[in-house]
Amino acid sequence: MTSLKLDKAYDPAQVERRWYAYWEEQGLFVADPASPKPAYSIVIPPPNVTGQLHMGHALNNTMQDILCRYKRMAGYEVLWMPGTDHAGIATQNVVERQLAAEGQSRHDLGREKFIERVWEWRAEYGGKIINQLKRLGASCDWSRERFTMDQGLSRAVREVFVRLYEEGLIYQGDYIINWCPRCHTALSDLESEHEEVKGGLYYIRYPFKSANGYLVVATTRPETLLGDTAVAVNPDDPRYAELPEDTVLLPLLGRELPIIRDAYVSTEFGTGALKITPAHDPNDFLIGQKHNLPSIRVLDDSGRVNAEGGPYAGLDRFEARKVMLEDLEAQGLLERQEDYLHSVGHCYRCKTLVEPILSKQWFVKVGPLAAEALKAVQEGRTKIVPVQWEKTYFEWMTNIRDWCVSRQIWWGHRIPAWYCACGQVIVSRTTPQACPACGGRELTQETDVLDTWFSSALWPFSTMGWPQDTPELKKFYPTSCLVTGFDILFFWVARMMMMGIKFMGRVPFTDVYIHALVRDAQGQKMSKSKGNVIDPLTVMDDFGTDAFRFTLAAFAAQGRDIKMSQERIAGYRNFVNKIWNAARFTLMNLEEAIPEGAAAEPLLEERWVLSRLRRVAAEVARAIEEYRFNDAANAVYQFVWHEFCDWYLELSKGPLYDRGDPARQAASRRVLGEAFSRVLRLLHPFMPFISEELWQRLPGTQGSIMTAPWPSGDASEDDPAAEADLELVMAVISAVRNIRGEMGISPGQEVPLALTPHEEAARQVLAAQAGRIQSLAKTGPLAWAPEGAPPAKAAGAALARVTVFVPLEGLVDFAAEEARLDKELAKLEREIAPSVQKLANQGFLAKAPAEVVEKERAKVAEAQDKMARLRQNLARIQSFR
RNA sequence: AGGCACGUAGCUCAGGGGGAGAGCGCCACCCUGACACGGUGGAGGUCCCGGGUUCAAAUCCCGGCGUGCCUACCA
């Protein structure tokens, strides 16, 4: 045990450093699949290896840590499975940038060398975020840390791919996909983020082949006209019912284009004539297929016009647009242009404008998988919290489209498909030696890798050793809860649902808790470009990790974004300091050995604090279990500061300082130690560091606080009578303090006190607690004023069970007291006005539940009682003027 | 275009049919032997607007206004 002496203020930096290493050394984070305890498991949303801890991570992992630490204390065998994600495009970008700084490209290195280079990068920098999570206090089982590219997970990926392929749920095909010309890869629909862009709507004339005149077509992407293979109109459009001929000439290139008729074309938009570019637009592609049109791809992988573009070949897509518009204008073919606001896809990694391009890719046929994932939530096998997200989930799962999983990058799981010269495609778990069709041995492996989210989708079971049948899977799958932000509900959660059900036969988690986004104090999304990011590491430096975590928990109300600002964290830093000082007080009193002695009858405040602790522990537990982290944090805050510190510690000073009764003192010291130990345990899930530090210093504790039981207390400690009695005492003390404050009597000045209890029970309680009242309200010896005979010249306060008098002679002027009483009366009047009105309402008396009516009556009666006493006092005061 | 949230104290928000709450900030007094990152007391609100349901609406319903977000291939 370390010394009991504490510094006056808490220094988090010094304390935090100590305990994380201790927990790890003691193996307290390690989950035992053989444990007889019930299982509780969470898989971490794996941060990108390229990641730096940001507010989102901090919130997300704080919540998981609160759940895990609480569950351990509550008697569960907890597995919090950690790891990182290989983040294909992001990581490749980072390493490519590094190469660029050396004047190289990945192509200079070649695929193998490049991948080696990425692994080197990961070895050097990849662990950064893990250390940052440790800094946050995350109690993950690091002995099981996984990486989506490690061997085990790669095996799972290959297994899943092959099985899906064998079942026809993965196929290869030519479709329009989203292409990022900067990353040089296909993207899934989700990875193309739609953003509003100011563009133009250009009206272009397509001259008839031989007849005079032209068809006017409206487009937002004039450069794609190079790939047009038809112009379409609606068959029912009267404007085009009779055309001079059914062929037009493509402007600039002069190619002949058929005019086709298709109901898809809207008669409302533009001119009702639509240019068809099957290789660069998903709808045009479908129309092209239907009408057997050729597809001409006119942009290369970098977004430059290719050879098909004739005179424009080699121009960048934006440059080409500009030049072509000039040429059209010059040729009199640009009829007009309008400003046009529309939303277009951007690469979610690099924000480059995405280009729809026809290309051969691998797809997952998600329909059947989604149907099961949808059903699982509908049937409640997985519960989404808060429920409103279920609707979003349902909508997406219902309208889901096939998932393009191939990426033309190098860093990732290479697709286990091989091509034979004979045209055979072989998909296999192991590298095939010969073509099963022709026996040829010249096989080349697919160069594409899989979407990173493909491997993340397997995370809940691949991390536990699947496809092997492991004890971990048996004990910890399905996981208990997934904690994540809504931004990856589709990317990740939905896909884990599909894969988990498909390959494990059971949902991957029973609860999904969707939390909010952390924004800045103005409610703006934090982003580097806006420069409004608050770095969690800096916050932890400035305020301490515990204060930061507590702030996150306290602000994490369901369904609302969190606006983070320094001042709020400072408030909770003060709370941490308050706890530190409560510990100073406690430890000072426990410094000397507590003498053995006969158990003393517990004091009122002791019965009260244990009763309250039990209630609060239950309240906090329930809130955590229902993911109401803010309620949990606020309950702890309110109790620790405003009940434990403000009242219990203050009240306990009496017996603790009283050397005249050693047995009594010893008993109070024991209760103090016990109560404080429970406070620390209540705090531990939120504030792991300071709670451990103080736990270790608290006499009588053993081992880490992590292994201490949740302070549920014992039913025998429930003591509503103590709670009610102490409330009476507190009310009397508050009343005296109020008079003091309002009357401008200095805090140091002792005042006389007289009480008129209205019932015997109250009199007994107050008599027993007279000493406490005297010291906390700073009054002279308690006097009793008989009912109906109040002390002369006294300020008074009317409570339900007692009237409080502070005889004022020589202390204050009566005008002030008159004003104070008037104010009090007015306040009571205001308070009961609505009730009085209700009681005058026949409808209320007839229809409202009896107990509600009774409550209103009691409320009014009590207030009127108080008011009568106050008026009496007012009259007396006035009589002295 | 559809969908989903949210408008409550100066600020940030909790609450959710029967007594308007918290934190921070503000005012006054106080370095009382845990704590000035503190103590005690206090001020401060048409619960966005308009209708409706109800004995009773900040709360439920409808309609506005405002804000934010998500989804979407009408060029």
Side-chain angles (χ1 to χ4, degrees), chain A residues 6 8-10 176 189 194 201-202 217-221 224 232 264-266 268-277 281-286 340 342-343 345 356 386 388-389 391-392 395-396 399 486-487 489-490 517 519 521 523-525 543 547 554-555 557 559-565 567-568 570-589 630-631 634 637-638 645-646 649-650 653 657 734 737-748 775 778 831-832 834-835 837-838 841-849 851-853 855-856 859 863:
Chain A
L6 297 184
K8 206 168 168 184
Y10 175 58
I176 297 276
D189 293 336
H194 287 259
L201 186 60
Y202 304 93
V217 157
T219 179
T220 54
R221 292 194 302 156
T224 63
Y264 167 79
V265 183
S266 159
E268 314 278 303
F269 192 91
T271 58
L274 174 64
K275 69 191 222 35
I276 302 297
T277 322
D281 183 281
N283 298 306
D284 293 9
F285 175 74
L286 294 175
Y340 191 69
H342 60 150
S343 75
Q388 54 266 37
W389 289 108
K391 194 171 173 185
T392 312
E395 254 161 50
W396 193 70
N399 301 316
F486 59 80
D487 47 336
L489 181 61
F490 305 141
L517 244 49
R519 300 172 179 279
Q524 302 262 309
K525 205 166 169 172
F543 300 101
F555 277 85
R560 192 190 271 268
D561 286 346
I562 297 173
K563 294 186 194 162
M564 185 51 62
S565 81
E567 300 85 77
R568 265 151 255 159
Y572 289 110
R573 188 255 334 262
N574 296 352
F575 179 46
V576 175
N577 192 240
K578 186 78 180 174
I579 294 160
W580 181 256
N581 279 288
R584 280 186 77 205
F585 175 81
T586 303
L587 295 179
M588 280 165 74
N589 282 287
N630 60 324
D631 288 339
N634 288 329
Y637 181 95
Q638 172 64 31
C645 290
D646 286 355
L649 290 188
E650 292 304 327
K653 283 176 181 173
Y657 290 160
S734 296
R737 285 170 171 174
N738 170 272
I739 289 169
R740 197 187 265 293
E742 295 274 293
M743 305 302 290
I745 300 167
S746 109
S775 66
K778 253 217 146 79
E831 259 175 36
I832 58 162
S835 306
Q837 208 174 346
K838 274 180 199 173
N841 180 341
Q842 286 310 313
F844 174 72
L845 296 174
K847 295 193 181 176
E851 63 269 22
V852 173
V853 177
K855 214 173 121 195
E856 295 293 329
K859 194 198 319 179

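Atom set for the values below is all heavy atoms of this structure, side chains included, hydrogens, waters and symmetry mates excluded. Residue numbering restarts at 1 for every chain, and letters A, B, ... go by the order of the sequence lines.
Contact annotation for A:Ser343: base contact, defined as any heavy-atom pair under 4.0 Å involving a base atom. Across all strands, A:Lys275 comes closer than 4.0 Å to no nucleic acid atom at all (heavy-atom distances). Residue-level contact check: A:Val265 touches the bases, meaning some heavy atom is under 4.0 Å from a base atom. Counting non-hydrogen atoms under 4.0 angstrom, A:His342 reaches nothing in the nucleic acid. Here A:Tyr657 lies in heavy-atom contact (under 4.0 Å) with a base. The residue A:Ser266 sits close to a base: some heavy atom pair falls under 4.0 Å. The residue A:Pro849 sits close to a base: some heavy atom pair falls under 4.0 Å. Residue A:Lys8 is in sugar-phosphate contact alone, with no base atom involved, counting any heavy-atom pair closer than 4.0 Å across all strands shown. At the heavy-atom level, A:Ala846 lies nowhere under 4.0 Å from the strands shown. Heavy atoms of A:Glu856 sit under 4.0 angstrom from primed sugar atoms or phosphate atoms, though from no base atom. Backbone-only contact: A:Asn841 has heavy atoms under 4.0 Å from sugar-phosphate atoms and none from a base. Using a 4.0 Å heavy-atom distance criterion, A:Phe575 is classed as making no nucleic acid contact. Residue A:Arg573 is classed as a base contact, given a heavy-atom separation below 4.0 Å to a base. Within the nucleic acid shown, A:Tyr202 has no heavy atom closer than 4.0 Å to any nucleic acid atom.
Residue-to-nucleotide contacts include no donor-acceptor pair under 3.5 Å from the side chain of A:Lys391 to the base of B:rC4. Side-chain to base pairing of A:Glu650 with B:rA34: one donor and one acceptor N or O lie within less than 3.5 Å of each other.
With a 6.0 Å cutoff to the six-membered ring centre and a 45° limit on the axis angle, A:Lys578 does not count as a cation-pi contact of A:Tyr10.
Results of the side-chain hydrogen bond (donor to acceptor under 3.5 Å, both in side chains) test with A:Lys275 over A:Asp281, A:Thr224, A:Thr219 single out A:Thr224 as the only residue that passes.
Within 6.0 Å of atom CD in A:Gln837, 12 or fewer heavy atoms from other residues, nucleotides or ligands are found, so the atom counts as exposed in its surroundings.
Distances shorter than 4.0 Å separate none of the side-chain N or O atoms of A:Lys778 from OP1 or OP2 on B:rU40.
Rounded to whole Å, the C1' atom of B:rG16 lies 23 Å from the corresponding atom of B:rC65. Separating the P atom of B:rC69 from that of B:rA28 is a span of 41 Å, rounded to the nearest Å. Distance check on atom P: B:rG42 versus B:rU59 gives 30 Å, rounded to whole Å. Rounded to a whole angstrom, the distance from the C1' atom of B:rG15 to that of B:rG23 is 15 Å. Between B:rG17 and B:rG39, the distance separating the two P atoms is 34 Å to the nearest Å.
Mapping A:Pro834 and A:Lys847 onto RNA chain B by nearest heavy atom places A:Pro834 closer to the 5' end of the strand.
A:Phe490 is linked by a ring-ring contact (aromatic ring centres under 6.0 Å, His included) to A:Trp396, counting only residues two or more places apart in sequence or in another chain.
Across the strands present, B:rU67 finds its partner in B:rA5; the criterion is a Watson-Crick or G-U wobble pair with both atom distances under 3.5 angstrom.
Atom CG of residue A:Asn634 and atom CZ of residue A:Phe555 lie 9.0 Å apart, to the nearest 0.5 angstrom.
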